[in-house]
Amino acid sequence: MQDLQNAGSGLKKMFIASIGAVVCTVLLIIPIVNILAMIGALVFAIISLVGLNEAGKDIEGCKTAFLLTIVNMVVSVLKNIPFLGTGFLGALFSIAGYILGFLIVYYVCKSVADVLEQNEPDVAKTGHMVWKINLVCYAAEIIIAVLALIPLLNILAAFASIIIAIVSLVASILYMIFLYKSSNALA
């Protein structure tokens, strides 16, 4: 295996940033601490970007995921502008965000798994499984976003979104496990 220390170090930063982001998300519900949690979430987002950029020096798919992450951040900002983020246009931004979110996970998992295929087949298998599970989750989120626009079906979408949130949480945990294992394998 060629020298992939940038990739290993970058994926480790992404893993640490993922853990930090989860902690910050939980802390957001606590008054007063939530301000620090927002700052922490921003810091961890930057660490994740730095890690993804670092991994992109060795793995082309991570470089693509880095660029898609930048585009996703722009879409997220546009989605949160009051007159753009509501109604049909808001739903389009949400769907674009889901598609970009999936593509980011796909490019990271697929490209890293391809690199690890020969020397770490179990880790590579995990990477392929993770992007496939995320594909199902993101597709379901897109369907729910569309159903939420239709009167009466939006009630069904609300219930389905709870189930998808749980499955997406599991998918996120599997993604973090993959980041951890692959960063160790490439270190």
Side-chain angles (χ1 to χ4, degrees), residues 1-28 33 36-79 96-139 141 165 167-187:
M1 186 161 37
Q2 73 261 25
D3 181 31
L4 297 167
Q5 285 194 332
N6 285 327
S9 174
L11 293 171
K12 180 73 80 182
K13 285 179 179 78
M14 290 173 62
F15 168 71
I16 291 167
S18 296
I19 297 293
V22 169
V23 171
C24 288
T25 301
V26 172
L27 292 176
L28 279 172
V33 175
L36 294 174
M38 286 189 295
I39 294 168
L42 180 62
V43 169
F44 286 120
I46 292 168
I47 292 170
S48 182
L49 272 175
V50 168
L52 194 50
N53 185 49
E54 192 174 339
K57 293 176 183 174
D58 292 342
I59 301 173
E60 192 63 33
C62 290
K63 187 184 301 182
T64 302
F66 174 79
L67 296 173
L68 290 171
T69 301
I70 300 298
V71 173
N72 197 17
M73 291 172 117
V74 171
V75 167
S76 180
V77 168
L78 292 173
K79 181 175 74 173
Y98 292 138
I99 291 169
L100 289 166
F102 166 71
L103 290 174
I104 292 163
V105 171
Y106 170 78
Y107 278 108
V108 170
C109 290
K110 178 85 169 85
S111 61
V112 172
D114 288 347
V115 167
L116 294 172
E117 199 75 50
Q118 292 297 323
N119 296 329
E120 298 285 342
D122 290 339
V123 178
K125 184 178 175 184
T126 300
H128 291 300
M129 177 190 66
V130 167
W131 77 256
K132 290 173 185 172
I133 291 170
N134 274 277
L135 173 63
V136 172
C137 290
Y138 280 105
E141 287 176 346
V167 176
S168 293
L169 176 64
V170 171
S172 295
I173 291 168
L174 291 173
Y175 180 63
M176 287 189 277
I177 291 169
F178 174 69
L179 289 175
Y180 177 76
K181 287 181 177 181
S182 59
S183 68
N184 287 340
L186 295 171

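All values below were derived from every heavy atom in this structure, side-chain atoms included, with hydrogens, water molecules and symmetry-related copies excluded.
When the side-chain contact (heavy atoms from CB on, under 4.5 Å) test is applied to Ser48, the partners found at least two apart in sequence or on another chain are Met14, Ala17. Residues passing the side-chain hydrogen bond (donor to acceptor under 3.5 Å, both in side chains) test with Glu60, sequence neighbours excluded: none. Take Lys13 and apply the side-chain contact (heavy atoms from CB on, under 4.5 Å) test, not counting sequence neighbours, and it matches Ser9, Ile47, Val50, Glu54. Partners of Leu135 according to the side-chain contact (heavy atoms from CB on, under 4.5 Å) rule, which considers only residues two or more places apart in sequence or in another chain, are Phe102, Trp131. For the side-chain contact (heavy atoms from CB on, under 4.5 Å) test, no residue two or more places apart in sequence or in another chain qualifies with Leu36.
Residues Val123 and Phe178 have side chains in contact (heavy-atom distance under 4.5 Å, counting atoms from C-beta outward). Taking the side chain as every heavy atom from C-beta outward, Leu11 and Phe15 never approach each other to under 4.5 Å. No side-chain heavy atom of Leu49 sits under 4.5 Å from any side-chain heavy atom of Asn53. For the pair Leu186/Val115, a side-chain contact is recorded, criterion being any heavy-atom separation below 4.5 Å from C-beta on.
For residues 176-187, the pairs satisfying side-chain hydrogen bond (donor to acceptor under 3.5 Å, both in side chains) are Lys12-Asn184, Tyr180-Asn184, with sequence neighbours left out. Screening residues 106-116 for salt bridge (charged side-chain N to carboxylate O under 4.0 Å, His left out), with sequence neighbours left out, gives Lys110-Asp114.
The main-chain N or O of Ala7 is found under 3.5 Å from a side-chain atom of Asp58 such that the two form a donor-acceptor pair. Between the side chain of Asn72 and the main chain of Leu68, no donor-acceptor pair closer than 3.5 Å is present.
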Using a 3.5 Å cut-off and no angle test, enumerate the donor-acceptor pairs between side-chain atoms of residues 167-177 and protein atoms at least two apart in sequence or in another chain.
residue : atom : partner : partner atom : Å
Ser168  : OG   : Glu141  : OE2          : 3.2
Ser168  : OG   : Ile164  : O            : 2.9
Ser172  : OG   : Ser168  : O            : 3.0

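Remark: Tyr107 OH to Thr69 OG1 distance equals 12.0 Å, nearest 0.5 Å. In this structure, CE on Met129 lies 9.5 Å from SG on Cys109, to the nearest 0.5 angstrom. Note that CG of Leu52 is 9.0 Å distant from CG of Leu67, once rounded to the nearest 0.5 Å.
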